[in-house]
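Okay, so here's the structure we're looking at.
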Amino acid sequence: MDCIFCKIVAGEIPSTKVYEDDTVLAFKDLNPTAPVHILVIPKTHIASAADIDESNSAVIAHIFEVAAVIAKEQGLDDGFRIVNNCGELGGQTVKHLHFHLLGGRKFDWPAG
Ligand code: 5GP
Ligand code: ZN
């Protein structure tokens, strides 16, 4: 499958890893939009948030546990933002489910 995040999981494309276990990988975004910009992904290929169902949702819960640990490690004690872009209108560019963990600055709401 021609998926850049599967290739990152497989080690075929280099990345700056910040966390890894059996089911989840977290690595720095190539084009950060905040002082802390980390992508947290399931190692298994799930195309988008629209493809989460009861067969694969356990890893999503685990992703949020991992994100909380990483946020503490990164010193984001005053808050952070977790973003998922889903599908074309949601602005998803990489078709492997990922959550952006953003921190180190103030974020506007509503997002544009
Ligand atoms: P999306 O727009 O799909 O929510 O986010 C995709 C993110 O993946 C973007 O923030 C982009 O900078 C990041 N990205 C795309 N290709 C690579 C890559 O090869 N390595 C890393 N570390 N990040 C990437
Ligand atoms: Zn993939």
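Just so it is clear, the values below take in all heavy atoms, side chains as well, and ignore hydrogens, waters and symmetry mates.
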Side chain to side chain, Thr33 and Leu102, heavy atoms closer than 4.5 Å:
yes

For Ile41 and Ile63, the nearest pair of non-hydrogen atoms, with its separation, is C-CD1, 4.0 Å

Any chain of hydrophobic side-chain contacts (each under 4.5 Å) joining Ile46 to Phe5?
no

Under 4.5 Å between side-chain heavy atoms, hopping through other hydrophobics if needed: is there a path connecting Val36 to Tyr19?
yes

Using the ring centroid of each side chain, check whether His96 and His98 are separated by less than 6.0 Å.
no

Minimum side-chain heavy-atom gap Val40-Phe27 below 4.5 Å:
no

Nearest heavy atoms of Ile52 and Ser57, plus distance in Å
CG2-CB, 3.9 Å

So, the side chain of Gln92 versus the backbone of Gly87: is there a donor-acceptor pair under 3.5 Å, distance only?
yes

Heavy-atom pair of closest approach, residues Gly104 and Pro35
O-CG, 3.4 Å

Provide the closest heavy-atom pair for Phe80 versus Gly103 in the form atom of the first, atom of the second, distance.
CB-CA, 4.5 Å

Gap between atom NE2 of His45 and atom NZ of Lys95 - 0.5 Å precision
10.5 Å

Rounded distance [0.5 Å steps], CG in Asp29 versus OG in Ser15
11.0 Å

Report yes if some heavy atom in the side chain of Thr44 is under 4.5 Å from a heavy atom in the side chain of Asn56; otherwise report no.
no

With heavy-atom distances below 4.5 Å as the criterion, would you say the side chains of Leu25 and Lys17 are in contact?
yes

His62 and Asp21 side chains, donor-acceptor separation under 3.5 Å:
yes

Please check if Val59 and Ile70 belong to a single hydrophobic cluster, counting links between Ile, Leu, Val, Met, Phe, Trp and Tyr side chain heavy atoms closer than 4.5 Å.
yes

Less than 4.0 Å between a side-chain N and a carboxylate O, is that true for Asp77 and Lys72?
no

Flag, side chain of Gln74 to backbone of Leu76, donor-acceptor distance under 3.5 Å
no

Take Phe99 and Ile60, measure what side chain to side chain contact (heavy atoms under 4.5 Å, CB included) needs, and give me the verdict at the end.
CA-CA 10 Å; Phe99 294 86; Ile60 309 304; 4.3 Å; yes

Verify the neighbour count for atom CD of Glu88: are there more than 12 heavy atoms of other residues, nucleotides or ligands below 6.0 Å?
no

Mind checking whether Val94 and Leu39 have side chains closer than 4.5 Å, heavy atoms only?
no

Where the side chain of Arg81 meets the backbone of Asp108, is there a donor-acceptor pair that is under 3.5 Å apart?
yes

Residues Val83 and Asn85: closest non-hydrogen pair is CG1-OD1, 3.5 Å

Side-chain touch His100/Ile82, heavy atoms, less than 4.5 angstrom
no

Atom pair CG/CZ of Leu101 and Phe64 - distance to nearest 0.5 Å
10.0 Å

Carefully, step by step, assess Val69 and Glu73 under the rule side chain to side chain contact (heavy atoms under 4.5 Å, CB included).
CA-CA 6 Å; Val69 169; Glu73 285 174 357; 3.7 Å; yes

Shortest non-hydrogen pair, Lys28 vs Val18, comes out as CG-CG1, 4.1 Å

